[in-house]
K.L.:
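Questions regarding the structure given below will be posed in turn.
Excluded from the calculations below are hydrogen atoms, water molecules and symmetry mates; all remaining heavy atoms, backbone and side chain alike, are included.
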Amino acid sequence: MTRLVFDPALPVWGLALVAGLALLVAALAFWRGLRGWPWRGLALALVAAALSGPALEQAARQPLRDIVILAEDRSASQRLPGRAAQMDAAVATITQALPDADLRRVTVGDDPDGTLLGAAIAKAVAAEPSVRLAGVIAVSDGRLHDAGALPQTLPAPFHLLLTGRPGDWDRRLVVDEAPGFGLIGQPVTLRLRVQDQGAVPPALAGQPVTLSVTVDGGPARQVQALPGQPLALRVTPDHGGPNVVAIQMTVPQASPPQLTARNDAAAITIQGVRDRLRVLLVSGQPHAGERTWRNLLKSDPAVDLIHFTILRPPDRGDGVPVDEMALIPFPVDDLFMQRIDDFDLIIFDRYRVRGILPPDYFDRITRYVRDGGAVLVAGGPEMATVEGLNLSPLGAILPAQPSGQVVDAPFRPVLTAAGRRHPVTAGLPGAGTPDQPASWGRWLRRVAVTARAGAQVVMSDGAGAPLLILSRAGKGRVAMLASDQVWLWDRGFEGGGPQLELLRRIAHWSMQETELEEEALSLDTPGDGLVLRVTRRTLADHAGPVTITAPDGSTRHLRLARVAEGRFQADWTAPAPGLYRLRQGDLDRVVVLGPAAPREYAQTLADGAAMAPLAQATGGAVLALSDGMPRIRQVAPGRRAHGRGVGGDWIAITPRDAARQGATGRRPLLPDGLWLLLIAGAALAGWLAEGRGRAMRWRGYDGR
């Protein structure tokens with residue numbers, strides 16, 4: 001490229017003065033009739049031109065290739081039937097049709113927030129010079145989740161090529177409302193609906209849909225729902241902590257099949273909480289350890305405690321009237337017959353059978369336990385007598401049978417092999433190891449008992465005699481502490497021990513808290529990703545592999561490694577978000593990693609409405625690939641960039657004709673000598689013209 005530039009030897013006002021002088025001289029000569037006035041003006045004009053320093057500047061121009069951005073949506077929804085093949089074919093055609101352009105390929109994959117195609121396009125456009133951008137082509141189903149990030153306009157046409165087919169349809173399960181917390185044993189309401197999208201086959205349109213509902217992998221119940229109609233579903237959290245409600249829709253059988261079954265399920269985690277823990281504590285007589293139980297239960301603000309202490313047995317013959325022995329009468333019938341099911345735990349602390357509770361009441365307590373209740377017996381010397389609970393109807397469910405002997409000798413409680421694995425006693429502070437004795441203080445008395453078959457002895461006196469025994473009775477739990485000396489730990493005798501923690505664990509195990517289950521399969525997500533930590537608690541020496549069922553129905557086996565006594569653990573990374581089911585033996589659990597139905601599958605039908613405004617603003621088009629791949633042309637900027645011809649639809653890019661300027665050079669327009677020659681020639685021509693005029697006038701005068 002060559003252009004004329006100036007490097008003046010005088011300032012602009014000096015050049016203007018010279019030019020004005022040239023014009024003045026020419027005008028004066030013309031007024032006086034001098035024939036050389038044009039040459040005089042030309043000479044002075046050439047002087048002004050030479051002083052302006054005209055020069056020719058030459059620059060090398062390097063043409064630049066046009067840039068076309070190709071945005072590829074490779075998110076999960078693009079893996080629905082037929083779409084990946086459409087995309088691959090479209091990308092191949094675009095690549096072949098633009099051999100002379102620099103193709104910038106931008107790929108958008110899976111993201112927890114959905115398809116972030118808008119931000120990817122905006123970032124790619126910002127990274128390229130606008131003078132070279134000839135077009136932007138996106139191949140997608142149009143379901144992006146950041147439409148606000150799209151540019152408002154572009155310096156080149158934007159085209160969207162939609163994947164998908166006109167006959168696509170899908171059915172999905174939508175959770176409109178789900179509580180995060182629920183009271184244990186109290187129903188909560190979930191609000192759901194089944195939504196049909198697209199060209200639903202007539203045989204399925206409007207027909208009821210069967211939903212299968214499970215809580216923590218338990219027995220399934222069937223519920224009917226109509227597409228498009230809201231459904232109120234009531235479920236009941238049955239334990240503390242997370243209760244995972246899994247809802248699975250029956251896969252519709254039709255032709256053509258629905259796009260995906262990934263959105264046919266939903267999982268809701270409801271944290272089960274207790275309104276209040278209702279505990280009934282019955283102390284058979286005042287003793288030193290009675291306040292230990294009371295302090296433990298009253299220190300927990302979530303516990304409603306009713307405590308009765310029997311101060312005087314009814315068989316005592318001191319003549320004191322009954323109405324003078326207590327402020328209120330002992331409400332035996334109300335507590336143990338009418339309201340017994342309201343209690344989460346009943347504690348008998350050194351209780352003697354003295355006729356206060358008739359045998360029928362003990363039968364009612366036994367049924368209460370078998371139906372899911374809990375009883376804790378803390379016994380002293382009375383346990384070895386005929387007044388012990390073992391000889392009452394309650395003895396049928398007690399985990400141990402007294403031998404009738406009371407051992408009054410100091411001993412140090414220790415954990416048994418089962419106790420080091422059982423969550424009630426495992427990891428108690430100061431428990432020691434099999435090779436290192438416990439650092440707890442000694443107790444001074446115990447009752448000799450024999451554990452029944454199936455009971456778990458988790459603590460002994462160090463010589464093998466049972467001290468803390470746990471068992472199950474029907475749906476309920478029973479715990480027995482064969483000593484009334486735990487209060488010595490509370491007083492710090494010989495260093496004391498973890499009495500509050502031990503009694504708290506016993507009480508909460510009795511009330512079936514999930515974190516204290518001895519046979520349990522627990523799941524945890526250490527981070528926000530797809531990493532799952534599987535922990536198996538068991539009293540056995542080993543744990544078998546865990547079978548994991550993925551959302552697509554595929555299964556795999558996960559082996560667990562021993563990390564502590566009675567605990568086996570492994571970390572596993574899921575391949576994709578969704579609802580996973582885990583089974584080990586007779587234990588079943590469900591867990592949601594990420595959303596049960598990822599955001600990609602909330603709307604599965606192709607739709608270009610979100611990107612249509614950008615295409616319209618830039619003169620581009622939104623075209624469905626199901627109608628065929630459009631041809632690609634080139635049009636001048638400002639012209640329509642899409643249309644339909646004889647061969648079908650076409651889209652266009654706009655060549656930019658951009659170039660890079662190379663090195664520049666400069667040379668004077670004329671050499672200095674040539675300028676001098678021209679100026680002198682013009683001056684000489686003026687002199688000659690005027691001299692010739694004077695000679696002619698002189699000759700004419702002589703002739704007269």
K.L.:
If we count only N and O atoms by modelled type, under 3.5 Å, do the side chains of Thr236 and Gln186 hold a donor and an acceptor together?
P.N.:
no
K.L.:
For residues Thr269 and Pro242, report the shortest heavy-atom separation together with the two atoms involved.
P.N.:
CG2-CB, 3.7 Å
K.L.:
Would you mind reporting whether Leu211 and Leu233 have side-chain heavy atoms less than 4.5 Å apart?
P.N.:
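No - every pair of side-chain heavy atoms lies 4.5 Å or more apart.
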K.L.:
As an exercise, state the distance from CE of Met383 to CE of Met480, rounded to the nearest 0.5 Å.
P.N.:
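These two atoms lie 4.5 Å from each other.
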K.L.:
Answer whether the closest heavy-atom distance between the side chains of Leu277 and His508 falls below 4.5 Å.
P.N.:
yes
K.L.:
Donor-acceptor pairs are to be reported for all side-chain atoms of residues 418-433 against protein atoms at under 3.5 Å, with residues two or more places apart or in another chain.
P.N.:
| unit_1 | atom_1 | unit_2 | atom_2 | d |
| --- | --- | --- | --- | --- |
| Arg420 | NH1 | Gly432 | O | 3.0 |
| Arg420 | NH2 | Thr433 | O | 3.3 |
| Arg421 | NE | Glu565 | OE1 | 3.3 |
| Arg421 | NH1 | Leu539 | O | 2.8 |
| Arg421 | NH1 | Asp541 | OD1 | 2.8 |
| Arg421 | NH2 | Asp541 | OD1 | 2.7 |
| His422 | ND1 | Val424 | N | 3.2 |
| His422 | NE2 | Gln456 | OE1 | 3.1 |
| Thr425 | OG1 | Gly419 | O | 2.5 |
| Thr433 | OG1 | Asp435 | N | 3.4 |
| Thr433 | OG1 | Gln436 | N | 3.0 |

K.L.:
Considering non-hydrogen atoms only, spot the tightest contact between Leu582 and Val534 and give its length.
P.N.:
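Minimum heavy-atom contact is CD2-CG2, 3.8 Å.
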K.L.:
How far does CG of Leu481 sit from CG of Leu502, to the nearest 0.5 angstrom?
P.N.:
7.0 Å
K.L.:
As an exercise, state the distance from CG of Asn263 to CG of Leu173, rounded to the nearest 0.5 Å.
P.N.:
8.5 Å
K.L.:
Please evaluate residues Val188 and Val235 with respect to the criterion side-chain contact (heavy atoms from CB on, under 4.5 Å), reporting the C-alpha separation (whole Å), side-chain torsions for both, the decisive distance (0.1 Å), and the verdict.
P.N.:
CA-CA 6 Å; Val188 297; Val235 296; 3.8 Å; yes
K.L.:
Has the side chain of Thr309 got a donor or acceptor atom that lies under 3.5 Å from a matching backbone atom of Pro286?
P.N.:
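Absent.
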K.L.:
Applying side-chain contact (heavy atoms from CB on, under 4.5 Å), name anything that partners Thr450, two or more places apart in sequence or on another chain.
P.N.:
none
K.L.:
Side chains of Thr214 and Arg581: closer than 4.5 Å at any heavy-atom pair?
P.N.:
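Thr214 vs Arg581: side chains touch.
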K.L.:
Parallel, tilted or perpendicular: which one describes the rings of Phe362 and Phe348, with boundaries at 30° and 60°?
P.N.:
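Tilted: the ring planes of Phe362 and Phe348 meet at 30° to 60°.
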K.L.:
I'd like to know if the side chain of Arg412 and the backbone of Trp440 have a donor-acceptor N/O pair within less than 3.5 Å.
P.N.:
yes
K.L.:
Quick one: pull up CG in Asp349 and NE2 in His307 and give me the separation to the nearest 0.5 Å.
P.N.:
6.5 Å
K.L.:
Would you say the side chain of Val353 lies within less than 4.5 Å of the side chain of Leu389, judging by non-hydrogen atoms?
P.N.:
yes
K.L.:
Begin from the C-alpha positions of Val245 and Ile270 and carry the test side-chain contact (heavy atoms from CB on, under 4.5 Å) through to its verdict.
P.N.:
CA-CA 8 Å; Val245 181; Ile270 302 174; 4.0 Å; yes
K.L.:
Are the side chains of Val223 and Ile247 in contact, using a 4.5 Å heavy-atom criterion?
P.N.:
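With C-beta onward as the side chain, the pair stays apart.
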K.L.:
Give every residue pair that meets the salt bridge (Lys or Arg N to Asp or Glu O under 4.0 Å) criterion with at least one member in residues 453-465, sequence neighbours excluded.
P.N.:
Arg446-Asp461
K.L.:
Compare every heavy atom of Leu398 with every heavy atom of Val377, then report the nearest pair and how far apart it is.
P.N.:
CG2-CD2, 3.9 Å
K.L.:
Please check this pair: side chain of Tyr580 against backbone of Ala574, looking for a donor-acceptor N/O pair closer than 3.5 Å.
P.N.:
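Not a single qualifying donor-acceptor pair exists.
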K.L.:
Ignoring hydrogens and angles, tell me if any N or O in the side chain of Arg191 forms a donor-acceptor pair with the backbone of Glu177 under 3.5 Å.
P.N.:
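No; judged by distance alone, with no hydrogens or angles, the pair does not exist.
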K.L.:
I'd like to know if the side chain of Gln405 and the backbone of Ala448 have a donor-acceptor N/O pair within less than 3.5 Å.
P.N.:
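Absent.
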K.L.:
Kindly indicate, with the supporting measurements, whether the criterion side-chain contact (heavy atoms from CB on, under 4.5 Å) is fulfilled by Thr549 and Arg583.
P.N.:
CA-CA 8 Å; Thr549 303; Arg583 172 185 289 270; over 6 Å; no
K.L.:
Quick one: closest heavy-atom pair of Pro413 and Gly441, and the distance?
P.N.:
CD-O, 3.7 Å
K.L.:
If we ignore hydrogens and angles and just use 3.5 Å, is the side chain of Arg172 paired with the main-chain N or O of Ala602 as donor and acceptor?
P.N.:
yes
K.L.:
Below 4.5 Å, heavy atoms only, C-beta onward: do Thr573 and Leu532 meet side chain to side chain?
P.N.:
no
K.L.:
Taking all non-hydrogen atoms of both residues, which atom of Val457 and which atom of Thr416 are closest, and how far apart?
P.N.:
O-OG1, 2.6 Å
K.L.:
Determine whether a donor-acceptor pair (N or O, by modelled atom type, separation under 3.5 Å) exists between the side chain of Arg589 and the backbone of Leu521.
P.N.:
yes
K.L.:
Can you name the closest pair of heavy atoms from Pro402 and Ala384 and give their distance?
P.N.:
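That would be CB-CA, 4.4 Å.
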K.L.:
Tell me, with the steps shown, if Thr385 and Arg352 meet side-chain contact (heavy atoms from CB on, under 4.5 Å).
P.N.:
CA-CA 9 Å; Thr385 68; Arg352 291 175 180 268; 4.2 Å; yes
K.L.:
Quick one: CD1 on Ile347 to CD1 on Ile306, what's the gap to the nearest 0.5 Å?
P.N.:
12.5 Å
K.L.:
Can you list the residues that meet the side-chain contact (heavy atoms from CB on, under 4.5 Å) rule with Gln569, with sequence neighbours excluded?
P.N.:
Arg533, Thr535, Val563, Arg567
K.L.:
Side chains of Val414 and Ser460: closer than 4.5 Å at any heavy-atom pair?
P.N.:
yes
K.L.:
Please examine the side chains of Ile548 and Trp572, heavy atoms only from C-beta on, and report whether any two atoms are closer than 4.5 Å.
P.N.:
yes
K.L.:
Show me the pairs that pass salt bridge (Lys or Arg N to Asp or Glu O under 4.0 Å) and involve residues 466-490, at least two apart or across chains.
P.N.:
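Qualifying pairs: Arg350-Asp484, Arg445-Asp484, Arg472-Glu517, Arg472-Glu518, Arg477-Glu517.
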K.L.:
Scan residues 359-369 for pairs that pass salt bridge (Lys or Arg N to Asp or Glu O under 4.0 Å), counting only residues two or more places apart or in two chains.
P.N.:
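Residue pairs with at least one partner in residues 359-369: Asp341-Arg364.
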K.L.:
Roughly how far, to the nearest 0.5 Å, is CG of Asp304 from CG of Asp342?
P.N.:
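Asp342 atom CG to Asp304 atom CG measures 11.0 Å (nearest 0.5 Å).
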